[in-house]
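Labels below follow one simple rule: chain letters A, B, ... track the order of the sequence lines, proteins then strands, and each chain is numbered from 1.
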Protein chains: 2
Amino acid sequence: MLIVKKFGGTSVADKERIFNVARRCIDEYSKGNDVVVVLSAMGKQTDVLLAQAKDINPNASKRELDMLLTTGEQTSVALMAMAMNSLGIPAISLNAFQVAMHTTAAYGNARLKRIDTDRIKNELANRKIVIVTGFQGINQFDDYTTLGRGGSDTTAVALAAALHADACEIYTDVDGVFTADPRVVKNARKLDAITYDEMLELASLGAGVLHNRSVEMAKKYGVQLVVRSSLNTTEGTVVKEVVNMEKMLVSGVACDKNTARIAVIGLEDQPGVAFKLFNHLANHNINVDIILQSVGRDGTKDISFTVAEDAADEAVEIINRHREGSLKCHEVDVEKNVAKVSVVGAGMMTNAGVAAKMFEALYDCGVNIKQISTSEIRVTVLIDEKYVDVSMNAVHDAFSLGK
Amino acid sequence: MLIVKKFGGTSVADKERIFNVARRCIDEYSKGNDVVVVLSAMGKQTDVLLAQAKDINPNASKRELDMLLTTGEQTSVALMAMAMNSLGIPAISLNAFQVAMHTTAAYGNARLKRIDTDRIKNELANRKIVIVTGFQGINQFDDYTTLGRGGSDTTAVALAAALHADACEIYTDVDGVFTADPRVVKNARKLDAITYDEMLELASLGAGVLHNRSVEMAKKYGVQLVVRSSLNTTEGTVVKEVVNMEKMLVSGVACDKNTARIAVIGLEDQPGVAFKLFNHLANHNINVDIILQSVGRDGTKDISFTVAEDAADEAVEIINRHREGSLKCHEVDVEKNVAKVSVVGAGMMTNAGVAAKMFEALYDCGVNIKQISTSEIRVTVLIDEKYVDVSMNAVHDAFSLGK
């Protein structure tokens with residue numbers, strides 16, 4: 001078997017943790033398996049480097065930032081190889097140049113295009129554990145690039161796809177994917193399995209132990225993902241195409257507190273006014289979610305939508321800038337103490353009544369629903385942030401997701 | 001003009017110094033010149049990385065050590081590019097992969113074989129300052145290598161040779177090459193020029209502001225070197241093939257306190273016994289200097305020689321290990337409080353009497369000469385370490401080297 005294992009920065013933050021990871025990988029190797037390890041930079045190293053750069057030049061070019069940041073993973077893979085060697089196991093570290101991890105040109109947020117597997121395969125054939133720098137690539141100019149948020153997960157999945165690995169294990173500080181955040185819902189249960197689509201919905205809802213891009217790539221190439229703990233040997237959660245869903249109507253409940261609702265009230269009802277509104281925001285890379293349009297007084301429109309809370313002020317400012325021109329309206333309100341609560345489940349596609357059951361649970365505990373949004377496998381409601389915990393628990397119970 | 005400038009770790013140890021170097025390079029660039037900058041790792045960064053490695057694995061493989069150490073220069077070149085950019089000057093950092101700095105296979109002590117200049121030339125053609133990682137290369141396996149001591153100087157000279165640069169400036173914390181160590185000889189004078197051969201003799205005698213390998217390479221490819229201060233704009237010392245030597249019999253006086261004398265007394269006079277002695281030492285990479293062989297009592301031989309002081313104990317141990325076998329002798333003595341004092345000058349080749357003048361100066365101040373060694377352009381004497389300062393001054397005065 002060929003296994004790709006990815007460990008984040010926390011898992012390699014110091015000597016003790018490096019050896020902990022080394023031993024885990026050696027256990028796998030000792031079973032006769034081929035092991036490829038993908039690592040992030042140690043602990044907060046990336047933040048340290050970013051601060052160093054900012055001190056020199058607050059507007060440093062992304063090209064040079066990537067040149068700087070890629071030293072972080074190179075350090076961790078070299079130290080990991082040393083640790084494994086000291087335990088008597090042949091291991092070799094490789095960076096993005098050595099693997100030849102080709103990406104698009106975009107510094108700071110590149111996409112993987114193609115991975116050469118020759119070097120890795122040769123090293124594996126020599127029975128070495130191969131340790132690869134996550135998060136980084138090289139572009140057509142032979143410059144370093146980085147893959148943006150969740151980049152190391154993407155590296156691991158891409159390597160697993162390119163090498164036709166039998167599994168791609170993403171190690172994290174939780175035991176796997178849960179039916180809800182265990183800090184909020186006491187009887188939350190670890191899921192043995194979940195579909196790619198469910199994982200995508202959960203990730204985008206802030207429950208994400210995996211970044212969307214890595215899940216999308218895993219789905220595209222059929223890479224079986226396992227999310228598991230680097231702290232214990234619990235089995236973890238398998239993410240795959242089809243999961244046995246017998247009674248599993250809903251897989252989990254997620255929430256996202258990083259949400260604000262903006263209401264544009266009394267919009268002059270010109271043709272294409274909604275398009276103009278969202279186009280202005282899109283031009284500033286502000287993502288809009290849960291849109292509600294209603295008829296206001298005097299032939300005007302009201303449009304409400306949610307954005308990430310930290311983008312709310314900028315969004316309001318952009319709208320205000322156009323109130324004299326294309327976005328004539330009476331009022332722009334922003335409400336920051338709101339949150340999204342969602343139920344996610346591939347079973348919804350074939351089972352009606354999920355939304356109704358969710359609304360009933362919320363009604364029973366007196367939570368008012370401000371807006372609703374649905375997809376094939378998700379129902380999301382916008383509520384007051386103060387009701388998040390009670391809502392999560394109520395919905396979790398309603399679908400009998402607990403232990 | 002195309003100028004290669006090399007700055008050591010001290011010159012880029014912090015933000016202020018990085019900007020200091022950036023401004024110096026920009027001054028050159030602003031004259032319309034093409035500028036290639038070679039940097040070492042910041043301050044003590046290489047030592048920090050080595051300590052980190054040692055903590056994980058005291059016997060880390062040289063391959064992985066090089067993978068780790070090369071992050072040091074990559075960090076400094078990226079930060080330098082950011083600093084130059086913040087001053088409004090286009091600059092780009094390149095590592096050994098990006099330049100394609102081909103070396104021999106030997107990790108930790110590789111030799112440069114070939115440098116691809118296309119990328120650098122293209123960036124220069126776009127009027128960018130090009131900042132290159134010193135000390136590092138890549139070998140035929142696409143692995144990082146490092147060039148050993150003085151490696152960044154070698155990188156700079158090799159780049160100057162490959163790019164047919166008009167000059168290669170090595171920036172250091174002294175004003176140039178002096179007739180003697182100014183800390184010992186108060187009226188020591190900065191030399192305007194010195195030949196490659198003199199520089200080589202001085203470097204090997206511990207007066208070295210430049211590593212031998214870089215001087216050898218400069219001589220081989222006719223690269224005009226300039227040693228100058230990174231702290232002021234003094235002209236520095238030019239190192240080249242031929243220097244106007246009119247009255248310059250001697251260029252400088254150097255000393256080397258890292259010396260020990262080993263005496264092997266009463267060696268059984270078998271054929272090839274000297275060969276055997278030095279062969280044993282060579283097999284352990286111990287360099288031997290100033291050899292004196294004399295006839296001892298009862299048909300035996302005495303052989304004295306010097307080694308680096310820190311290699312003395314190992315040398316004695318090696319000899320003792322063979323005293324029952326191929327190196328039967330009465331006694332092995334080691335004397336550590338000795339030092340070498342040398343006069344160096346290309347003028348010696350055509351002028352007799354240099355050695356005599358040196359010996360007279362030492363005799364006049366009562367210093368006993370223990371051993372003597374000469375080359376075409378150097379006379380070296382071994383003396384008690386406590387007489388080093390008085391000897392240096394006496395010899396410096398005898399040849400009228402002062403201001």
- Do any of residues 54-87 of chain A have a heavy atom less than 4.5 Å from a heavy atom of chain B, and if so, which, in residue order?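 Within residues 54-87 of chain A, near chain B: A:D55, A:I56, A:N57, A:A60, A:S61, A:R63, A:E64, A:L65, A:M67, A:L68, A:T70, A:T71, A:Q74, A:T75, A:V77, A:A78, A:L79, A:A81, A:M82, A:A83, A:N85, A:S86.
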- Message: Please check if the number of heavy atoms outside B:Q140 that lie under 6.0 Å from its CD is greater than 12.
- Response: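 It does: B:Q140 CD has more than 12 such atoms within range.
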- Message: Could you check whether atom NZ of B:K113 has more than 12 heavy atoms from other residues, nucleotides or ligands sitting under 6.0 Å from it?
- Response: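 More than 12 heavy atoms, drawn from other residues, nucleotides or ligands, come within 6.0 Å of this atom.
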- Message: Just verifying a value: how many Å separate B:I92 CD1 and A:F141 CZ, rounded to the nearest 0.5 Å?
- Response: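 Reported value, rounded in 0.5 Å steps: 10.0 Å.
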- Item | Pick from A:N95, A:L94, A:I18, A:I138 with the largest number of heavy-atom pairs that fall under 4.5 Å of chain B |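 Most heavy-atom pairs under 4.5 Å with chain B: A:N95.
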- Task: Taking all non-hydrogen atoms of both residues into account, name the closest pair between A:D143 and B:R119 and its distance.
- Result: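 In terms of heavy atoms, the two residues are closest at OD1-NH2, 2.7 Å.
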- How close do A:Q98 and B:Y144 get, heavy atom to heavy atom, and via which atoms?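 Answer, listing the atom of A:Q98 first, then B:Y144: NE2-N, 3.6 Å.
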- Query: Between A:A91 and chain B, which part of the residue has a heavy atom less than 4.5 Å away: side chain, backbone, both or neither?
  - Reply: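 Contact with chain B involves the backbone of A:A91 alone.
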